[in-house]
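Some notes on the structure that comes next.
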Number of protein chains: 2
Amino acid sequence: MAFTYGQLVSGGVGKQLATTLGLPRPARLRRHQLGGSLVPGAVLVAGHGDAPVAERVRHLLEDAGVQVASLPSTSVVGVVLDLTAIETPADLETLRSVLGPALRTLAPTGRVIVVGRPPEGTGSVSQAAARRSLEGVVRSVGKEMRAGGTANLVLVDDGADAGVDATVRFLLSGRSAYVSGQVFHVGRPVGELVAPADWDQPLAGKVAVVTGAARGIGAAIADTLARDGATIIAVDVPAAGGPLAEVANRLSGTALQLDVTAEDAGARIVEHAQARHGGFDIVVHNAGITRDKLLANTDADRWDAVLQVNLLSILRMNEALVPAIREGGHIVHISSIAGIAGNRGQSHYAASKAGVIGMTQALAADDAVLAKGITVNAVAPGFIETEMTAAVPFATREIGRLTNSLSQGGQPVDVAETIGYFAWDANRAVTGNVVRVCGQMLLGA
Amino acid sequence: MAFTYGQLVSGGVGKQLATTLGLPRPARLRRHQLGGSLVPGAVLVAGHGDAPVAERVRHLLEDAGVQVASLPSTSVVGVVLDLTAIETPADLETLRSVLGPALRTLAPTGRVIVVGRPPEGTGSVSQAAARRSLEGVVRSVGKEMRAGGTANLVLVDDGADAGVDATVRFLLSGRSAYVSGQVFHVGRPVGELVAPADWDQPLAGKVAVVTGAARGIGAAIADTLARDGATIIAVDVPAAGGPLAEVANRLSGTALQLDVTAEDAGARIVEHAQARHGGFDIVVHNAGITRDKLLANTDADRWDAVLQVNLLSILRMNEALVPAIREGGHIVHISSIAGIAGNRGQSHYAASKAGVIGMTQALAADDAVLAKGITVNAVAPGFIETEMTAAVPFATREIGRLTNSLSQGGQPVDVAETIGYFAWDANRAVTGNVVRVCGQMLLGA
């Protein structure tokens, strides 16, 4: 009898019991559907002062055929609140007076998007305080949302407003279903912002390399990028050759059997991509391993294996991939909650996944990378439902599932959707970001 | 019958039961004692490459009369590991090979201190990755420590090694009992680093203003700074006049009845300090309130009250205090886990406490503040045992107590000790820091 907590409380006596006891009942999340609308209802757009981003967002929504609501609004499915112009914490009253009432009538799977500016970008102590306050509010609101709703903060550099569109679109859409309580940073674009001809095919014409693509989250990444128009080069170890070929065939891509820790792994990916596809635009370094053990009992081999696969191999491959990737390309790394918060029994894994954050930020700022207009970002998954997590003991698994604002585990597709967003050519203003896909998991640093 | 979980499992049948079930039993923490030694045993000091900080730390320990152990060590009570010279993630093998074995024999209430450099301070992607890895390891090790042990990371800017002494001393000592899983940043000092004549009186001759000093954490701050040699100006609202006078009399300080939100609050503090004490060196902005309510139900008055007391009043007071505080002084703000992670029902409180972080970082970098050699830092308390938390319902309280690496709530003195450390003249290399005093609470952003 393999019941999950979610199944137990979603109907019948379990549901009654959960309601009586005040236990969380996970909502059905709104995920992306081909041909669907951006959001299933009207979006309230408001702001403080001249609110330059609000004006952009209104146009964006009108172009996308979404109804824009103004104050006082009736029920909406999303709120975009432009607070880029706040000057002191007293101005946060705008946030309360708009968001408070809106939360009372927000439709299920609603979206709250607050737009601000980075605290570091002002010489005023009072303005820096006000800007930083937004993070506290948004993370609190994420924890107050009901029925599958999410809340996120977008910090836009001065003069970089044009880059905000992709992120607002992503956050309103079903693609961000499991992303909540996060802070996105939008800077000056590293290359031209190019909106796709069709938002259901934002990766049309692109070639994407995905490592660890034979199964689990890697296979979901391949599926999702292919769904969005990309041609897939599916990479995995020779031992996974069977399922790897299946993924590649299903998606009309190509398979490359490869140990990512091999010295020539990067060169072989480049060679394959050029010979079979004429080049590549997107790299997703998804391959990774765990070898859990307390540090006191971790021998050199175990330590080295985790660091080699999860970090050193990527550093080495990127040295070959960066010169070869097409201009304006996108590199995406996979970090982890463990890399942010640490985890008992995972000092090596956490070292590798924290290292991924350092690598992401440094590579994003690297001269050669900037010269080619390449973005480099990372996702940090929380509790994601995979074969691996299905094997975890019941209690541990249910704690992982429940200790987040959405009271459920994420799906592999949720991780894949955020990776896809990082790979949009419309999204060249987001680089060096680390975004958690975790339903606002309580764990953190 | 008011048993806490900690009392139930610390003896008798409860202890047996807890052991059988594998439940956490909180250890007795090692706290600071007047006249006691810095650490009750030997400290292993090791490093990678030329390890310049290890050399400093050996001298520091010898001066403090602490036995320095080298590899291979027998049982020690602390490990200081200098990894400032690591160049790639492969160099992390040094960490595993030293720390792994040491953890197996580390004495109770042990200390792990890893010293590195900030990832941002290098042009090498590989080195940035390695440096960032340390954060993942240390946070994991914090979660693996037993018997009241802690693990922290100190990141020292290039050329700023002299400033590390105060932080290493603090972390080895009992003053940091409830500080674990944190990252400290040591930069170039904003003024001369002055070691005290007596480390049991590091604040001798200083005048410290403490707001909200009549009770709870504020009273503990006053007690602790006075214990360490400071003369206290205890500030609180007129309604708390009785207990405020008690604190001031007990510590041979002075009391100032004052509403911190008054327009002239800063000016009145300056006036009092100059008239009664000839000036002041330390300010601790401890006064704060909560008015918990979901944002959807928070009216303008409730919102404004929290922001006024917790943030706007401090911004206003600092405008009067910064010009008046003595050169080389220290300002300390109080943030909160809620300001970092957000909290359900506390959007306004989280706004104010996140704002405190923005204020702290901006004020630390402010020209007028730097010109006077003033440090500005913040503590972010986790679950601290006070009259307020004693009133919290049992289950909620026990969750707060147990969901941290030390399996217990902190004491008000733990918050006070970190504030004291921020106020040392030996510690002018730490500014703009936000340090959690939370036993490595699991909650985070």
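Proteins get letters first, then strands, A, B, ... in listed order; numbering begins at 1 in each.
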Is the shortest side-chain heavy-atom distance between B:F184 and B:V179 below 4.5 Å?
yes
Quick one: which of A:S352, A:G123, A:A445, A:G136 has the most heavy-atom pairs under 4.5 Å with chain B, could you say?
A:A445
Is chain A contacted by the side chain of B:L295, its backbone, both, or neither, given a heavy-atom distance below 4.5 Å?
both
Going by heavy atoms in the side chains, are A:H348 and B:R96 under 4.5 Å from each other?
no
Pairwise side-chain contact, B:Q182 with B:N433, heavy-atom cut-off 4.5 Å (strictly under)
no
Where does B:S126 contact chain A at under 4.5 Å (heavy atoms): side chain, backbone, both or neither?
both
The interface call for B:R316 against chain A, heavy-atom contacts under 4.5 Å, is neither
Do B:L92 and A:W303 come close enough that some side-chain heavy atom pair is under 4.5 Å?
yes
Say whether, by atom type as modelled, one donor and one acceptor occur between the side chain of A:T261 and the main chain of A:Q308 under 3.5 angstrom.
no
Residue selection (most heavy-atom pairs with chain B, distance under 4.5 Å) from A:I337, A:V356, A:L363:
A:L363
Between A:R436 (side chain) and A:M441 (backbone), is there a donor-acceptor pair under 3.5 Å?
yes
What part of A:L312 lies closer than 4.5 angstrom to a heavy atom of chain B: side chain, backbone, both or neither?
side chain
Need one label for B:L315: side chain, backbone, both or neither, based on atoms under 4.5 Å from any heavy atom in chain A.
side chain
Can you check whether B:V306 reaches B:T290 side chain to side chain, under 4.5 Å on heavy atoms?
no
Looking only at atom types and distance, does a side-chain atom of A:K372 sit under 3.5 Å from a main-chain N or O of A:P323, one as donor and one as acceptor?
yes
So for B:V141, is it side chain, backbone, both, or neither that comes closer than 4.5 Å to the heavy atoms of chain A?
side chain
Side chain / backbone / both / neither for B:A130 at chain A, heavy atoms under 4.5 Å
neither
Do you know which of A:N377, A:L311, A:V283, A:N318 makes side chain to side chain contact (heavy atoms under 4.5 Å, CB included) with A:H333?
A:N318
Under 4.5 Å heavy-atom distance to chain A, tell me which part of B:L95 shows up: side chain, backbone, both or neither.
side chain
Whatever's closer than 4.5 Å to a heavy atom in chain A on B:E144 counts as both
Which one wins on heavy-atom pair count under 4.5 Å against chain A: B:A362, B:S347, B:A351?
B:A351
Below 4.5 Å, heavy-atom pairs only: which of B:A354, B:G181, B:P119, B:A128 has the largest tally toward chain A?
B:A354
Quick one, A:R117 and A:L155 - any side-chain contact, counting heavy atoms below 4.5 Å?
no
So, the part of B:A365 with a heavy atom under 4.5 Å from chain A: the answer is neither
Ranked by heavy-atom pairs below 4.5 Å to chain B, first place among A:N297, A:L294, A:L307 goes to A:L294
Top residue by heavy-atom pair count (under 4.5 Å) with chain B, among A:V183, A:L443, A:L103?
A:L443
Among the listed options B:S97, B:S140, B:G358, the residue most often paired with chain A at heavy-atom distances under 4.5 Å
B:S140
For B:N310 and B:K353, what are the C-alpha separation, side-chain angles and deciding distance, and is it a side chain to side chain contact (heavy atoms under 4.5 Å, CB included)?
CA-CA 7 Å; B:N310 296 1; B:K353 293 302 189 178; 4.2 Å; yes
Between B:N343, B:T88, B:I340, B:L99, which has the largest tally of heavy atom pairs under 4.5 Å with chain A?
B:N343
